[in-house]
Amino acid sequence: METFQSLLAKKLSEALAKAGLPTAGELTPATDRRFGDYQTNAALVLGKERGENPRALAEKIAAHFDVGDLCETPAVAGAGFINFTLLSGAIEKKTLELLRDERLGVAETKSTQRIVIDFGSPNVAKPMHVGHIRSTVLGDALARIARFLGHEVIGDNHIGDWGTQFGMVIYGWKNLLDRQAMQRNPLAEIVRVYKETNERAASDPQVREACRQELVKLQEGDKENTDIWNECVAFSMQDFEHVYKLLDIHYDIQCGESFYHDRLPGVVERLLKSGIAEISEGAVVVFFRDNPELADKPLIIRKRDGGFNYATTDLATVDYRVNDLKADAIWYVVGAPQILHFKQIFEIARREGYTVDLRHIIFGSILGEDRKLMKTRSGENVPLRDLLEEACKRARKIIEEKNPQLTEDEKIDIAEKIGIGAVKYADLSQYRMTDYIFSWEKMLSLHGNTAPYLQNAYVRIRSIFRKAGDAAVATPLWGVEGGTGHRPVATTLTLTEPAETNLAKRLCQFAEIVPQVLNGFRPNILANYLFELANSFHTFYEACPVLKSSEPARSSRLALCELTGRVLKHGLGLLGIKVPERM
RNA sequence: GCGCCCGUAGCUCAGCCGGAUAGAGCAACGGAUUUCUAAUCCGUAGGUCGAGUGUUCGAGUCACUCCGGGCGCGCCA
């Protein structure tokens with residue numbers, strides 16, 4: 001199914017050809033309602049190229065434009081814009097098509113890729129905290145969207161389970177462990193001894209050296225240290241799993257840093273052999289002398305003491321993902337501070353001849369309400385687990401106020417959908433590059449541009465269908481998955497009220513918006529669209545009674561409700577956000 | 001010192017490859033509910049897009065300079 005935008009774009013290039021003009025400019029949604037629904041700047045672009053009067057060119061193009069039953073006669077306006085206004089018949093027809101389409105009009109991509117998405121990546125023996133939200137939630141949303149568009153996605157959790165910190169963890173385990181505390185809350189105790197060791201090591205060189213020795217023993221395969229390591233990983237994984245369950249995050253694979261341990265020597269050897277790396281001051285280093293940007297920024301891939309670092313691991317990871325997983329693209333959803341690191345890694349991969357499409361998807365920092373950076377190390381960060389539970393608790397409180405008659409099970413379920421949804425939406429609705437100001441108030445506010453606002457639109461729709469009963473909504477919706485379980489009786493649509501037409505147009509735009517998300521990795525444009533859709537629905541809801549209206553309006557409006565509900569549910573689903581039936 | 005990111009309404013933010021008179025939400029103020037969930041809707045007010053130069057039919061968007069904030073730059077990840 002084609003979108004209005006692509007249909008009009010096609011007609012535009014036909015018109016240009018008929019007018020003897022080359023393809024030029026673009027066809028976009030109108031910037032303002034006054035200008036109709038879509039616009040093109042083709043005449044402006046051509047006017048500039050050929051030194052001709054843009055308005056005259058616009059008139060010429062418009063004259064050759066075959067409107068069919070799609071839109072009104074194109075209008076030339078301003079400096080030479082051509083504006084298109086859809087005919088309501090075309091909107092009605094398209095809306096009916098969408099009702100029958102389980103993909104809601106969204107076309108699958110023509111160039112399917114196998115994409116490894118590296119996101120989340122918490123560290124073992126460190127608590128997951130607010131700083132992990134962005135990578136996890138953003139990566140998951142991108143994975144869902146890419147998958148929906150037809151890509152083959154492999155979500156990979158590159159867990160930090162093999163770093164230098166394990167020297168400290170093992171040292172702390174051996175010297176500082178409180179067995180009783182360990183039984184009560186294993187992860188908390190591991191974190192405690194790690195932190196304490198960290199502090200001791202900072203001031204005591206002997207402790208530092210001891211930690212280093214423990215790390216070397218672990219890397220050499222020492223039995224005792226390996227056992228400790230295994231236990232630490234297992235305890236941490238339990239905590240991660242709990243959080244992932246709450247967040248509804250699912251990975252296809254979880255190849256942490258330790259997974260690549262055996263491959264590291266081979267990476268260094270290969271790079272030395274090919275001359276990409278060289279030995280410098282005892283370490284193995286890659287220089288980028290012919291790259292002005294990186295010329296003074298070499299990358300160490302083997303330390304003087306023979307140890308490997310995360311650069312080595314990341315290089316081995318590229319190998320694995322390309323050679324074993326057969327990835328066409330790898331997306332790293334990792335914070336902005338690592339820009340330089342990935343530039344270096346990508347440059348090495350390029351030198352080695354890899355053609356895989358490597359993307360570093362960066363995002364801004366998480367700031368406290370004081371606008372200062374939330375430190376990730378040895379700070380008093382809110383554990384993610386507590387944060388999410390707090391979100392649910394606060395949602396629960398509001399549910400008790402608004403809807404106390406719900407059953408206990410319903411309240412728990414709804415509180416989770418609202419609380420978690422609020423946290424995710426607060427993040428995803430913002431452009432990823434913008435620094436994120438963490439605020440309980442904002443995150444959990446149930447007013448304005450928030451998940452609960454969108455969820456409420458869905459709930460209102462569901463309420464209508466519950467009230468409508470069997471007579472109005474006899475059979476399931478064409479068995480479509482993701483349908484709301486009922487189908488409107490309408491086989492034709494009659495849009496008369498402005499609120500109806502606006503809502504229908506909005507619904508038609510879903511298919512135009514979703515593919516754009518991957519262009520720049522911006523889930524916020526989908527969030528923004530859904531907010532506008534919910535807004536259009538609420539306006540419609542206020543202005544247009546559904547069940548109390550008479551035919552044919554009643555059936556038409558039920559159809560609009562049905563479709564709105566499905567787009568909201570599916571759209572929020574692409575962001576990893578669930579919708580409740582009541583709230 | 002070098003590099004990257006950011007600077008838009010009182011606050012939090014949209015604004016994709018340059019397009020028409022820069023948009024939302026919150027807060028403020030004024031309205032709307034015998035109603036399918038008011039967790040809502042409608043309206044009013046609010047701006048030198050950090051500053052300046054340049055590129056052109058056209059700049060929040062591109063280039064350069066400066067100011068302010070953040071991050072990063074050889075053995076942590």
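The analysis underlying the following values was restricted to heavy atoms, covering all of them including side chains, and did not include hydrogens, waters or symmetry mates. Here is how names work: the chains are called A, B, and so on, in the same order as the sequence lines, proteins then strands, and each is numbered from 1.
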Within the 4.0 Å heavy-atom criterion, would you say A:E532 contacts the bases, only the backbone, or no part of the nucleic acid? nothing

With rounding to whole Å, what would you report as the distance between B:U61 and B:A22 at their P atoms?
14 Å

Closest to the 5' end of RNA chain B, once A:I414 and A:T539 are matched to their nearest nucleotides, is A:I414

| query | Is there a donor and acceptor pair, one atom on the side chain of A:K48 and one on the base of B:G58, closer than 3.5 Å? | reply | yes

Review point. Can you find a heavy atom in the side chain of A:R462 that is under 4.5 Å from one in the side chain of A:P580?
Key: no

Separation of the C1' atoms in B:U8 and B:G60, to the nearest angstrom: 7 Å

In whole angstroms, the gap separating C1' of B:C6 from CZ of A:R432 amounts to 14 Å

Kindly say if A:N524 contacts the phosphate of B:G15, meaning a side-chain N or O under 4.0 Å from OP1 or OP2. yes

When rounded to whole Å, the CG to P distance for the pair A:L503 and B:C41 reads 13 Å

query: Would one find a side-chain N or O of A:Q516 under 4.0 angstrom from OP1 or OP2 of B:C16?
result: no

Separation of B:C42 atom P from A:F537 atom CZ, nearest Å, is 13 Å

Nearest-nucleotide check on RNA chain B, A:L44 vs A:N123; residue mapping nearer the 5' end is A:L44

* **Sugar-phosphate only, base, or nothing, as touched by A:P337 at under 4.0 Å among non-hydrogen atoms** => sugar-phosphate

Of the candidates B:C75, B:A77, B:G19, the side chain of A:I300 sits closest to B:C75

Are the aromatic ring centres of A:F81 and A:F35 under 6.0 angstrom apart?
no

The single option from A:R582, A:R396, A:K417 that satisfies salt bridge (Lys or Arg N to Asp or Glu O under 4.0 Å) with A:E410 is A:R582

Considering only atom C1', compute the distance from B:A27 to B:C71 and round it to an integer number of Å. 32 Å

A:F81 has its side chain closest, among B:C36, B:G19, B:C73, to B:G19

Distance check: side-chain N/O of A:S365 vs OP1/OP2 of B:C71, anything under 4.0 Å?
no

Sugar-phosphate only, base, or nothing, as touched by A:A283 at under 4.0 Å among non-hydrogen atoms: base

*With a 4.0 Å cut-off on heavy atoms, is A:K297 in touch with a base, just the backbone sugar-phosphate, or nothing at all?*
base

Q.
Considering every strand and a 4.0 Å limit on heavy-atom distances, what is the contact class for A:Q39: base, sugar-phosphate, or nothing?
A. base

When rounded to whole Å, the CE to P distance for the pair A:M433 and B:G15 reads 10 Å

**Asked** Between B:G23 and B:G46, how far is it from one C1' atom to the other, in whole Å?
**Response** 13 Å

Classify A:A543 by what it touches in the nucleic acid, base, sugar-phosphate, or nothing, heavy-atom distance under 4.0 Å. nothing

Next on the checklist: Using a heavy-atom cut-off of 4.0 Å across all strands, would you classify A:L340 as base, sugar-phosphate, or nothing?
Outcome noted: sugar-phosphate

### Phosphate-side-chain proximity, A:Y431 and B:U8, N/O vs OP1/OP2 below 4.0 Å
no

At under 4.0 Å between heavy atoms, what does A:Q338 touch on the DNA or RNA strands: base, sugar-phosphate, or nothing?
base

note: A:D296, atom CG; B:C73, atom P; distance rounded to Å ~ 12 Å

Would you mind classifying the nucleic acid contact of A:S280 as base, sugar-phosphate or nothing, using non-hydrogen atoms under 4.0 angstrom? base

Looking only at B:C76, B:C36, B:G3, the nucleotide nearest the A:P545 side chain is B:C36

- Rounded P spacing from B:U44 to B:U35 in Å: 27 Å

Any A:T434 side-chain nitrogen or oxygen under 4.0 Å from OP1 or OP2 of B:A14 = yes

Worksheet item: Base, sugar-phosphate alone, or nothing: which one does A:N456 contact when heavy atoms must sit under 4.0 Å apart?
Response: sugar-phosphate

| field | Distance under 6.0 Å and angle within 45° of ring axis: A:R263 vs A:Y260 | value | no

request  = Apply the test side-chain contact (heavy atoms from CB on, under 4.5 Å) to residues A:W162 and A:W229: give CA-CA distance (whole Å), side-chain angles for both, the deciding distance (0.1 Å), then the verdict.
outcome  = CA-CA 9 Å; A:W162 198 253; A:W229 175 77; 3.7 Å; yes

Here the distance between atom C1' of B:G43 and atom NE2 of A:H538, to the nearest Å, is 18 Å

- [ ] Decide yes or no, distance alone: a donor-acceptor N/O pair under 3.5 angstrom between the base of B:G19 and the side-chain of A:N41.
- [x] yes

Could you tell me whether A:L299 contacts a base, only the sugar-phosphate backbone, or nothing, with contacts defined as non-hydrogen atoms closer than 4.0 Å?
-> nothing

Of B:A20, B:G74, B:A77, the nucleotide closest to the side chain of A:N83 is B:A20

Of the candidates B:C4, B:G72, B:C36, the side chain of A:Y541 sits closest to B:C36

Among B:G15, B:U35, B:G74, the one nearest any side-chain atom of A:K548 is B:U35

Encoded 5' to 3' (Watson-Crick or G-U under 3.5 Å; [ ] crossing; | other strand), RNA chain B becomes (((((((..((((.....[...)))).(((((.......))))).....(((((..]....))))))))))))....

Q) When you check the side-chain N and O atoms of A:S258 and A:D161, is any donor under 3.5 Å from an acceptor? A) yes

*Would you call A:E209 and A:R212 a salt bridge, taking side-chain N to carboxylate O under 4.0 Å as the test?*
yes

Just the table, please: protein N/O against nucleotides 21-32 of chain B N/O, every pair under 3.5 Å.
from, atom 1, to, atom 2, distance (Å)
B:G25, O2', A:N449, N, 3.4

Would you call A:L138 and A:F521 a side-chain contact if the rule is heavy atoms closer than 4.5 Å? no

| message | Using the P atom as the point on both nucleotides, what is the distance between B:C62 and B:C75, in whole Å? | response | 35 Å

Taken in chain and number order and not counting sequence neighbours, the residues that satisfy side chain to side chain donor-acceptor pair (under 3.5 Å) with A:Q405 are A:N403

Please report the distance separating the P of B:G58 from the corresponding atom of B:C42, rounded so that it comes out in whole Å. 38 Å

| message | Looking only at the aromatic ring of each residue, does the gap between the centers of A:H538 and A:Y453 stay below 6.0 angstrom? | response | yes

Identify whether any heavy atom of A:Y453 sits under 4.0 Å from a base atom; if not, whether one sits that close to sugar-phosphate; answer base, sugar-phosphate or nothing.
-> sugar-phosphate

Rounded to whole Å, the CG-C1' distance (A:L264 to B:A77) equals 14 Å

Between B:G25 and B:A45, how far is it from one C1' atom to the other, in whole Å? 16 Å

* Got a salt bridge between A:E281 and A:R304, using NZ or NE/NH1/NH2 to carboxylate O under 4.0 Å? -> no

A:E562 atom CD is separated from B:C36 atom C1', nearest whole Å, by 15 Å

For this session: Using a 4.0 Å heavy-atom cut-off across all strands, classify A:T31 as base, sugar-phosphate, or nothing.
Result: base

Of B:A20, B:C76, B:G74, the nucleotide closest to the side chain of A:K303 is B:C76

Taking B:G3, B:C42, B:A39 as options, the one with an atom nearest any side-chain atom of A:M583 is B:A39

